[in-house]
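Okay, so here's the structure we're looking at.
Start at 1 with the first residue, then count along the sequence.
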Amino acid sequence: MLFKKISLLCASGVVALLASCATTKPAEPTLSKTDEGYKNPYEPGSYEHFKAEKDYPKTYNVWTNTQKLPVTDQSNSWLRIDLKAQRALLMNGEEVVMDYPVSTGKSSHPTPPGEYEILEKIADKHSNKYGRIYDAEGNLVNGDANAFEDEIPEGGRFQGAPMKYWMRLTWDGVGHHIGNVKRYPASHACIRGPSKTMPVVFSKLKVGSKVVVK
């Protein structure tokens with residue numbers, strides 16, 4: 001009698017196991033971006049697809065939400081800077097409107113993380129600190145000069161680096177502007193953005209817009 005009960009229990013256990021196996025799909029293997037057989041699983045054109053591409057975040061490409069961009073303006077936009085990924089996200093509420101490459105401050109002049117507000121906007125600005133120094137004959141003598149530290153030859157001049165579409169984050173010189181965007185931190189603490197992208201970003205933000213750097 002005892003053997004019969006054990007047999008019945010075992011049989012019911014096997015049936016339950018088979019039923020469980022029949023209703024549960026095996027988990028699909030997840031491939032890393034570095035695997036040779038990796039395929040982007042998301043719909044082309046979607047933001048998820050853009051971020052799942054093998055070359056993200058190092059790509060120079062810009063993703064734009066073409067439906068959300070026209071309704072994004074100075075009343076509903078803000079900016080997120082990702083120091084690790086070297087990407088910037090123009091946001092409308094919690095939705096990403098643009099994702100574009102940036103180059104933030106190098107280790108000797110790091111971009112300080114924190115939450116800021118845009119303090120000033122100037123479409124055509126030149127740095128009063130960093131730029132180039134020329135001699136009296138107009139020859140370049142220092143292509144990465146600090147006007148406050150480097151000597152200007154007699155009769156020479158200092159020419160501030162262009163910082164078009166400038167948006168100031170701190171009064172000690174940190175801002176977001178057009179610059180040489182490398183895929184690693186390379187600036188003097190400012191956040192450089194692409195020349196084709198910055199005019200759009202500039203137009204969508206205002207003095208007082210939130211900027212989160214982390």
Side-chain angles (χ1 to χ4, degrees), residues 32-34 38-106 109-118 120-127 161-169 174-214:
S32 168
K33 287 184 181 182
T34 58
Y38 173 80
K39 291 184 179 179
N40 194 322
Y42 298 101
E43 182 182 356
S46 68
Y47 185 48
E48 289 78 10
H49 186 277
F50 180 75
K51 290 190 70 177
E53 286 288 84
K54 275 193 170 185
D55 58 354
Y56 185 88
K58 295 300 182 182
T59 179
Y60 282 95
N61 291 339
V62 176
W63 181 84
T64 302
N65 185 332
T66 54
Q67 293 183 331
K68 203 69 179 179
L69 184 62
V71 296
T72 299
D73 56 35
Q74 296 183 357
S75 70
N76 55 26
S77 63
W78 60 284
L79 197 64
R80 178 185 295 165
I81 307 295
D82 187 330
L83 295 173
K84 183 178 179 180
Q86 293 290 283
R87 308 288 302 185
L89 306 179
L90 176 65
M91 307 291 295
N92 182 331
E94 293 304 311
E95 290 190 66
V96 177
V97 179
M98 295 183 75
D99 180 328
Y100 59 96
V102 294
S103 190
T104 62
K106 54 190 176 182
H109 297 82
T111 302
E115 186 168 316
Y116 302 91
E117 289 185 356
I118 294 176
E120 174 186 69
K121 289 178 62 182
I122 301 175
D124 190 8
K125 178 179 171 63
H126 287 76
S127 175
M163 303 166 72
K164 290 190 174 182
Y165 296 98
W166 163 260
M167 291 176 282
R168 180 185 293 278
L169 303 185
V174 178
H176 189 22
H177 59 84
I178 287 178
N180 184 12
V181 178
K182 301 180 180 180
R183 299 315 297 123
Y184 54 85
S187 77
H188 293 101
C190 280
I191 302 158
R192 301 174 183 170
S195 59
K196 291 183 179 180
T197 306
M198 289 304 298
V200 178
V201 176
F202 185 89
S203 71
K204 299 295 184 180
L205 298 169
K206 65 179 180 181
V207 171
S209 290
K210 180 174 73 172
V211 180
V212 177
V213 180
K214 63 179 181 179

Could you work out, with side chain to side chain donor-acceptor pair (under 3.5 Å) as the rule, every residue matching [X], not counting sequence neighbours?
X	answer
Tyr116	none
Asn92	Thr72
Thr111	none
Ser195	none

Tell me if a side-chain donor or acceptor on [X] pairs with a main-chain N or O of [Y] at a distance below 3.5 Å.
X	Y	result
Trp78	Glu117	no
Lys204	Leu69	yes
Arg192	Asn180	yes
Asn40	His49	yes
Lys33	Asp55	no

Are [X] and [Y] side-chain neighbours, meaning at least one heavy-atom pair lies under 4.5 Å?
X	Y	result
Leu90	Leu79	yes
Met91	Met98	no
Ser187	His109	no
Tyr165	Val201	no
Cys190	Trp166	yes
Asp73	Asn76	yes

**Item:** side chain to side chain contact (heavy atoms under 4.5 Å, CB included) partners of Lys121, counting only residues at least two apart
**Value:**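 Here the qualifying residues are Gln74, Ile118, Met167, Phe202, Val207.
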
### Message
The criterion is side chain to side chain contact (heavy atoms under 4.5 Å, CB included); which residues satisfy it with Ala85, sequence neighbours excluded?
### Response
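So Ala85 forms a side chain to side chain contact (heavy atoms under 4.5 Å, CB included) with Pro57, Asp82, Arg87.
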
Determine the minimum heavy-atom distance between [X] and [Y], stating which atoms define it.
X	Y	answer
Pro101	Thr59	CB-O, 3.9 Å
Ser77	Ser209	O-OG, 4.2 Å
Met163	His126	SD-C, 4.1 Å
Leu83	Gln86	O-NE2, 2.7 Å
Arg80	Glu94	NH2-OE1, 4.4 Å
Ser103	Tyr184	OG-O, 2.7 Å

Would you say Lys164 has more than 12 foreign heavy atoms packed within less than 6.0 Å of its NZ?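 Open.
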
Original post:
Take atom OH in Tyr60; do more than 12 heavy atoms of anything else shown fall under 6.0 Å from it?
Top reply: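 Counting other residues, nucleotides and ligands, OH of Tyr60 exceeds 12 neighbours.
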
Rounded to the nearest 0.5 Å, how far apart are [atom1] of [X] and [atom2] of [Y]?
X	Y	atom1	atom2	result
Ser46	Lys51	OG	NZ	11.5 Å
Trp63	Leu89	CH2	CG	10.0 Å
Tyr100	Met198	OH	CE	5.0 Å
His176	Leu205	NE2	CG	8.0 Å

(message) Over 60° means perpendicular and under 30° means parallel, so tell me whether Tyr56 and Phe50 are parallel, tilted or perpendicular.
(response)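 Tyr56 and Phe50: perpendicular rings.
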
Checklist entry - In this structure, which one of Leu169, Thr104, Val212 forms a side chain to side chain contact (heavy atoms under 4.5 Å, CB included) with Ile81? => result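 That would be Thr104; it is the only one of Leu169, Thr104, Val212 passing the side chain to side chain contact (heavy atoms under 4.5 Å, CB included) with Ile81.
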
